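Here is the structure we will look at, set down as structure tokens.
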Amino acid sequence: MSSFQLVPQVYTHSILSKTRVIGSLRTQKSLVRALATQASSSSSSAKMVKGIRVHEHGGPEVLKWEDVEVGEPKEGEVRVKNKAIGLNFIDVYFRKGIYKTPSIPYIPGVEACGVVTAVGPGLTGRQVGDVVAFAGGATGSYVEEQILPANKVVPVPPSIDPTVAASLLLKGMTAQFLLRRCFKVEPGHTILVHAAAGGVGSLLCQWANSLGATVIGTVSTKEKAAQAKEDGCHHVIINKEEDFVARVTEITSSNGVEVVYDSVGKDTFEGSLTCLKSRGYMVSFGQSSGAPDPVPLSALSVKSLFLTRPSLFHYTATRDELLETAGEVFASVDAGILRVRVNHTYPLSEAALAHSDLENRKTSGTLRVPPVVGAVRRS
């Protein structure tokens with residue numbers, strides 16, 4: 001009986017084993033079908049758009065016009081069809097390798113404004129059709145459509161044109177934190193702004209003037225001097241014709257200025273320190289002429305100076321800070337405090353030309369790269 005009983009047990013075990021194998025095979029086939037369906041769905045949901053990609057660091061010629069794949073937004077993300085894309089000098093720094101990107105190749109650009117075309121699962125607070133803008137953080141805006149973290153985009157008021165938003169947001173938020181938080185400009189202060197007719201410089205002059213400060217600005221040409229004057233500079237210095245240190249000393253009766261906002265770098269840094277009064281603030285936020293030479297701490301102790309190299313992204317690290325900063329920028333435009341110039345527009349496909357013009361100082365004020373095909377327009 002025992003041996004007889006063993007037969008069905010073995011037989012049963014055999015049947016069960018086969019059942020498990022068959023079940024396992026069916027599960028694997030189902031999994032393969034599910035993965036294939038998911039891959040097919042993912043492939044079908046992804047689409048090709050046009051954009052700029054950089055495969056190696058270098059001059060404007062490394063900006064390549066290519067097809068770019070954009071998929072569906074995941075949890076916490078939105079897909080945005082760009083209406084206008086901001087061009088900033090930081091884009092040049094990334095292109096040259098002065099600032100590092102996480103990987104190569106990469107898509108340049110840190111600023112854009114567009115319309116939400118899709119939202120990730122479970123996302124609230126943003127919906128299809130919203131006009132939003134973003135500035136800073138990861139690169140990737142030189143493309144017709146892109147995926148963005150939902151907590152990094154800000155709503156654009158109906159009163160602000162998308163072109164203005166894309167041209168303004170990064171530079172405007174930079175001006176806001178420089179004037180309002182990095183060093184708080186108040187009535188009665190005298191400040192020095194280098195590159196006063198540039199994108200950020202223009203906004204700094206307008207905003208500081210409205211705050212009651214005396215604004216001294218440096219520019220490179222007479223044409224830019226006229227613009228700086230229009231933007232609220234009380235005293236304009238043309239660097240090619242005058243020594244800015246001597247002129248600042250004269251204007252301030254040798255007292256110096258409370259703060260210098262310097263985006264030029266190497267060519268102006270040492271002179272900027274000389275222009276400061278005791279306990280003055282040297283705010284270095286760019287280096288269009290190259291990185292400044294190293295400064296020994298003893299050079300600051302002569303007048304107990306403060307030196308900072310701030311980044312916008314540290315001043316908009318939280319969602320509340322980002323919304324507050326962007327909101328004040330847009331409100332200042334609505335109030336007439338800030339006037340935005342879109343002097344030059346380029347098709348996205350001609351980003352290389354835009355970079356070349358930007359580096360050769362053929363532009364002034366704000367520049368944008370719209371993702372549309374059209375003729376280059378210059379004012």
Side-chain angles (χ1 to χ4, degrees), residues 78-88 90-91 109-117 119 125-137 140-146 148-180 198-211 227 230-232 312-313 315-316 319-346 348 363-372 374 377 379:
V78 293
R79 189 175 67 206
V80 177
K81 184 174 184 179
N82 290 329
K83 303 185 76 172
I85 301 166
L87 178 73
N88 300 280
I90 193 174
D91 303 342
V110 295
E111 180 180 36
C113 178
V115 178
V116 174
T117 57
V119 298
R126 256 76 68 199
Q127 60 185 3
V128 173
D130 285 350
V131 178
V132 298
F134 94 100
S141 68
Y142 281 25
V143 68
E144 292 174 326
E145 199 163 353
Q146 65 183 128
L148 291 167
N151 65 348
K152 295 299 182 183
V153 302
V154 298
V156 177
S159 58
I160 305 295
D161 184 88
T163 298
V164 171
S167 303
L168 168 74
L169 188 58
L170 182 65
K171 302 174 188 69
M173 291 199 300
T174 299
Q176 192 274 352
F177 93 83
L178 290 176
L179 291 168
R180 309 290 278 168
V200 175
S202 170
L203 300 177
L204 284 172
C205 293
Q206 295 177 50
W207 213 331
N209 184 296
S210 74
L211 292 172
Q227 178 187 310
E230 183 181 329
D231 285 336
L312 167 65
F313 315 128
Y315 285 81
T316 54
R319 178 70 179 165
D320 286 343
E321 286 176 331
L322 176 63
L323 291 175
E324 181 180 351
T325 305
E328 187 171 352
V329 171
F330 291 142
S332 295
V333 175
D334 283 339
I337 294 172
L338 298 180
R339 299 179 305 279
V340 182
R341 297 180 182 89
V342 182
N343 291 336
H344 299 160
T345 67
Y346 300 79
L348 178 56
T363 67
S364 62
T366 308
L367 183 70
R368 73 179 178 99
V369 186
V372 295
R377 299 194 299 274
S379 61

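These figures come from a predicted structure and were not determined experimentally.
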Lys83 and Glu144: CA distance, side-chain angles, deciding distance, salt bridge (Lys or Arg N to Asp or Glu O under 4.0 Å) verdict: CA-CA 8 Å; Lys83 303 185 76 172; Glu144 292 174 326; over 6 Å; no
Sub-4.5 Å side-chain heavy-atom contact between Leu168 and Val329: yes
Interatomic distance, Leu211 atom CG to Leu179 atom CG [nearest 0.5 angstrom]: 6.5 Å
All salt bridge (charged side-chain N to carboxylate O under 4.0 Å, His left out) counterparts of Arg339, not counting sequence neighbours: Asp231
Distance, nearest 0.5 Å, that separates CD1 of Ile85 from OH of Tyr346: 15.0 Å
Stepwise side chain to side chain donor-acceptor pair (under 3.5 Å) check, Asn82 with Gln146: CA-CA 8 Å; Asn82 290 329; Gln146 65 183 128; 3.1 Å; yes
Side-chain touch Lys171/Asn88, heavy atoms, less than 4.5 angstrom: yes
Donor-acceptor under 3.5 Å (Ser141 side chain, Glu111 main chain): yes
Side chains of Leu312 and Leu170 in contact at under 4.5 Å (non-hydrogen atoms): yes
From CD (Glu230) to SG (Cys205), nearest 0.5 Å: 12.0 Å
Nearest heavy-atom neighbours spanning Val342 and Ser167: CG2-OG, 3.6 Å
Nearest-0.5 Å distance that lies between atom CG in Leu169 and atom CD in Gln176: 11.0 Å
Side chains of Leu322 and Met173 in contact at under 4.5 Å (non-hydrogen atoms): yes
Partner set under ring-ring contact (aromatic ring centres under 6.0 Å, His included) for Phe177, not counting sequence neighbours: Tyr315
Test: Glu145 and Arg79 ion pair at under 4.0 Å: yes
For Glu324, salt bridge (charged side-chain N to carboxylate O under 4.0 Å, His left out) partners two or more places apart: none
Worked verdict on Val80 versus Val115 for side-chain contact (heavy atoms from CB on, under 4.5 Å): CA-CA 5 Å; Val80 177; Val115 178; 5.9 Å; no
Pro157: side-chain contact (heavy atoms from CB on, under 4.5 Å) partners, not counting sequence neighbours: Ser159, Ile160, Phe330
Exercise: identify the closest heavy-atom pair between Asn209 and Gly232: ND2-O, 2.8 Å
Qualifying salt bridge (Lys or Arg N to Asp or Glu O under 4.0 Å) pairs, either residue in residues 325-334, two or more places apart: Arg180-Glu328
Non-hydrogen side-chain atoms of Thr163 and Cys113 separated by less than 4.5 Å: no
Candidate pair Gln206 and Ile337, rule side-chain contact (heavy atoms from CB on, under 4.5 Å), full reasoning: CA-CA 7 Å; Gln206 295 177 50; Ile337 294 172; 5.6 Å; no
Close side-chain approach of Trp207 and Leu178, heavy atoms under 4.5 Å: no
Exercise answer: donor-acceptor pairs, residues 128-135 side-chain atoms, under 3.5 Å, sequence neighbours excluded:
unit_1, atom_1, unit_2, atom_2, d
Asp130, OD2, Gln127, N, 2.9

